[in-house]
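Contents: one structure, followed by commentary.
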Amino acid sequence: MRVLVVEDEQLLADAVATGLRREAMAVDVVYDGAAALERIEVNDYDVVVLDRDLPLVHGDDVCRRIVELGMPTRVLMLTASGDVSDRVEGLELGADDYLPKPFAFSELTARVRALGRRTTVALPPVLERAGIKLDPNRREVFRDAQEIQLAPKEFAVLEVLMRSEGAVVSAEQLLEKAWDENTDPFTNVVRVTVMTLRRKLGEPPVIVTVPGSGYRI
């Protein structure tokens, strides 16, 4: 899942991003509304965690722009105000969910995951395919009832492949969904991660390489 965090309190923004990355999400961070508009024009995000009171361009205007573009991106709006009228106004702008500050990180994570599921065809909370069972919320992976320990990026790649339901996923798509914008697009990190993931998942191999196209399960 690819997430954009837009928050002008840099310590909070960086802390949220670090926590979401530990949950195997690819996260970009910006600290003002103008930078947010630049990112959403060039990158495809599943979820934008958007502070409402932003410098340069207000969070309301960023939300409106996402709606105008007709993007499938879901918006989780953050604000220091807990007034019902403010929450209603934010939702009427096009936000999909609203979370007042201060918040528990566990709740933020749960809301981001729930919104991320809405960007694709509805799938069960626990994904199962080819003998693999993946639980995004618990961050657990089993093969034939045997638990497998995966690094965050390995988990993220496996989740993308599982959610594709047998469709081929290109290396570019994996890079887009599982890594942030600071990753070199010419790196071989996708190939190396898939190789390690194959080894950890064991025999017989469940990840198939489709020459010239990508990977599928």
Side-chain angles (χ1 to χ4, degrees), residues 1-123 125 136-137 156 159-160 163 173 175-183:
M1 184 188 302
R2 184 114 183 235
V3 179
L4 175 64
V5 174
V6 190
E7 167 61 65
D8 63 323
E9 296 180 43
Q10 294 193 19
L11 288 176
L12 175 59
D14 293 343
V16 167
T18 298
L20 293 178
R21 287 175 183 136
R22 288 174 180 161
E23 296 295 319
M25 301 181 197
V27 185
D28 297 331
V29 185
V30 294
Y31 308 111
D32 62 71
L37 290 176
E38 292 177 0
R39 295 302 193 284
I40 64 174
E41 293 280 357
V42 298
N43 296 322
D44 293 327
Y45 294 102
D46 297 296
V47 179
V48 174
V49 178
L50 178 66
D51 182 40
R52 192 169 184 188
D53 299 312
L54 292 170
L56 301 184
V57 178
H58 197 275
D60 290 358
D61 295 318
V62 175
C63 186
R64 288 191 189 96
R65 182 56 179 160
I66 292 173
V67 174
E68 288 172 0
L69 291 171
M71 304 168 67
T73 303
R74 303 298 180 178
V75 177
L76 173 58
M77 191 169 277
L78 306 177
T79 182
S81 173
D83 292 344
V84 172
S85 59
D86 286 337
R87 293 200 298 270
V88 170
E89 186 177 351
L91 293 171
E92 287 179 344
L93 287 169
D96 298 279
D97 200 357
Y98 207 96
L99 189 60
K101 302 176 185 176
F103 49 81
F105 182 74
S106 58
E107 182 179 6
L108 173 73
T109 303
R111 288 175 182 265
V112 169
R113 284 204 177 279
L115 290 175
R117 289 196 294 269
R118 296 186 201 172
T119 63
T120 57
V121 176
L123 292 173
N137 294 320
E159 184 175 359
V160 173
R163 289 191 180 280
Q173 289 171 318
L175 198 64
E176 173 78 19
K177 290 294 184 181
W179 280 269
D180 61 34
E181 65 182 358
N182 296 316
T183 304

Query raised in the report: Any ion pair linking Arg74 and Asp46 (charged N to carboxylate O, less than 4.0 Å)?
Result: no
**Report entry** Pair Asp44 + Lys177, salt bridge at N-O below 4.0 Å
**Finding:** no
For the residue pair [X] and [Y], what are the closest heavy atoms and their distance?
{"X": "Cys63", "Y": "Gly94", "result": "SG-C, 3.8 Å"}
{"X": "Val16", "Y": "Phe105", "result": "O-CE1, 3.9 Å"}
{"X": "Val47", "Y": "Gly116", "result": "CG2-N, 3.6 Å"}
{"X": "Arg111", "Y": "Tyr98", "result": "NH1-O, 3.7 Å"}
{"X": "Gly33", "Y": "Val62", "result": "O-CG2, 3.8 Å"}
{"X": "Met77", "Y": "Gly59", "result": "CE-O, 4.3 Å"}

Report task. Determine, stepwise, if the pair Gln10 / Val29 fulfils side chain to side chain contact (heavy atoms under 4.5 Å, CB included). Result -> CA-CA 9 Å; Gln10 294 193 19; Val29 185; over 6 Å; no
Report task. Determine, stepwise, if the pair Thr73 / Ile40 fulfils side chain to side chain contact (heavy atoms under 4.5 Å, CB included). Result -> CA-CA 9 Å; Thr73 303; Ile40 64 174; over 6 Å; no
Requested in this report: Please assess Val6 against Arg39 for the test side chain to side chain contact (heavy atoms under 4.5 Å, CB included), listing each intermediate value before the final yes or no.
Outcome: CA-CA 10 Å; Val6 190; Arg39 295 302 193 284; over 6 Å; no
Query raised in the report: Does a sphere of radius 6.0 Å around CZ in Arg64 hold more than 12 heavy atoms from other residues, nucleotides or ligands, not counting ones at 6.0 Å or beyond?
Result: yes
Interatomic distance, [X] atom [atom1] to [Y] atom [atom2] [nearest 0.5 angstrom]:
{"X": "Glu41", "Y": "Arg65", "atom1": "CD", "atom2": "CZ", "answer": "4.5 Å"}
{"X": "Glu7", "Y": "Asp32", "atom1": "CD", "atom2": "CG", "answer": "11.5 Å"}
{"X": "Met25", "Y": "Asp180", "atom1": "CE", "atom2": "CG", "answer": "14.0 Å"}
{"X": "Tyr45", "Y": "Arg2", "atom1": "OH", "atom2": "CZ", "answer": "4.5 Å"}
{"X": "Leu50", "Y": "Leu4", "atom1": "CG", "atom2": "CG", "answer": "8.5 Å"}
{"X": "Leu115", "Y": "Met1", "atom1": "CG", "atom2": "CE", "answer": "8.5 Å"}

Requested in this report: Would you check if there is a donor-acceptor pair between the side chains of Tyr31 and Asp14 at a distance under 3.5 Å?
Outcome: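 Yes, Tyr31 and Asp14 have a side-chain donor paired with an acceptor closer than 3.5 Å.
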Query raised in the report: Given the rule in the side chain to side chain contact (heavy atoms under 4.5 Å, CB included) test, do Lys101 and Asp51 qualify, once you have shown the distances and angles that lead to the verdict?
Result: CA-CA 10 Å; Lys101 302 176 185 176; Asp51 182 40; 3.1 Å; yes
